[in-house]
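Throughout, numbering of the chain's residues begins at 1 and tracks the sequence.
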Amino acid sequence: MIVIHEPARLMIVALLYTVDSADFLFLQRETGLSKGNLSVHLAKLEQAGYVRIEKTYRGKSPLTLCSLTETGKEAFQYYWCSLHHLVAATGNSDEPPAIMPAPAG
């Protein structure tokens, strides 16, 4: 879960959580990260088992597709719930979301 806390990686995971998959250029455009920074963050997320990266082609052009693994989805859900509980503990929320078990790994 600590891997997700970094702001750029949190943006990437949040974007991927809402879609089945996204190509590299979409992620770069939406996050505003450089190609190099995005590559580094995707590699860290892939190493943690949160992101699956598939290199393929669209016609003759290379295409990099990224998607969240089940582990990545669970880690994001746990992180999101943890933030809600933290906000609730400060008295700034009426009701926190249901407690979720910590992700394996």
Side-chain angles (χ1 to χ4, degrees):
M1 180 176 78
I2 301 294
V3 174
I4 292 176
H5 186 67
E6 198 285 328
R9 290 192 289 270
L10 181 56
M11 278 193 302
I12 294 166
V13 171
L15 284 166
L16 290 176
Y17 188 79
T18 65
V19 297
D20 289 331
S21 66
D23 69 39
F24 186 89
L25 294 177
F26 171 81
L27 292 173
Q28 184 184 11
R29 183 176 60 249
E30 293 301 312
T31 61
L33 296 171
S34 69
K35 288 180 182 181
N37 280 338
L38 180 56
S39 292
V40 167
H41 289 299
L42 284 171
K44 287 184 186 277
L45 290 166
E46 183 180 39
Q47 186 177 29
Y50 293 170
V51 170
R52 183 178 310 104
I53 299 174
E54 178 187 352
K55 302 227 180 225
T56 185
Y57 288 88
R58 181 181 294 153
K60 293 184 179 184
S61 299
L63 178 66
T64 301
L65 293 174
C66 305
S67 59
L68 277 186
T69 62
E70 283 303 313
T71 301
K73 290 175 185 175
E74 290 171 6
F76 181 71
Q77 290 169 344
Y78 181 76
Y79 183 83
W80 189 249
C81 285
S82 296
L83 288 179
H84 279 280
H85 285 287
L86 182 61
V87 170
T90 66
N92 293 322
S93 175
D94 294 333
E95 187 176 326
I99 296 174
M100 297 187 63

Decide yes or no on side-chain contact (heavy atoms from CB on, under 4.5 Å) for Y78 and I4, but give the supporting numbers first.
CA-CA 11 Å; Y78 181 76; I4 292 176; over 6 Å; no
**Request:** Would you mind reporting whether Y57 and L63 have side-chain heavy atoms less than 4.5 Å apart?
**Result:** no
Heavy-atom nearest pair, G49 first then T71, reads O-CB, 3.7 Å
Which atom pairs, one a donor and one an acceptor, fall under 3.5 Å between side chains of residues 11-28 and the rest of the protein, sequence neighbours left out?
unit_1 : atom_1 : unit_2 : atom_2 : d
Y17    : OH     : Q77    : NE2    : 2.7
T18    : OG1    : L15    : O      : 2.7
D23    : OD1    : L25    : N      : 3.1
D23    : OD1    : F26    : N      : 2.7

Hydrophobic clustering (ILVMFWY, side-chain heavy atoms < 4.5 Å, transitive) - are F76 and L86 grouped together? no
| message | Under 3.5 Å, is there a donor on one side chain and an acceptor on the other for R52 and S67? | response | yes
- [ ] Report yes or no: do L65 and L68 belong to one cluster of Ile/Leu/Val/Met/Phe/Trp/Tyr joined by side chain heavy-atom distances under 4.5 Å?
- [x] no
Check residues 39-46 and write down every donor-acceptor pair under 3.5 Å in which the side-chain atom is one partner and the other belongs to a residue at least two apart or another chain.
unit_1 : atom_1 : unit_2 : atom_2 : d
S39    : OG     : K35    : O      : 2.9
H41    : ND1    : R9     : NH1    : 3.1

Here the gap from E74 atom CD to Y50 atom OH, rounded to the nearest 0.5 Å, amounts to 10.0 Å
So CG of L83 and NE2 of H85: to nearest 0.5 Å the spacing works out to 10.5 Å
In the single-linkage hydrophobic clustering (I, L, V, M, F, W, Y; side-chain heavy atoms under 4.5 Å), do I53 and L33 co-cluster? yes
In this structure, OG1 of T64 is separated from NZ of K55 (nearest 0.5 Å) by 3.5 Å
Item to complete: Determine the interplanar angle of the W80 and H84 rings, folded into 0 to 90°, and report it as parallel if under 30°, tilted if 30 to 60°, perpendicular if over 60°.
Response: perpendicular
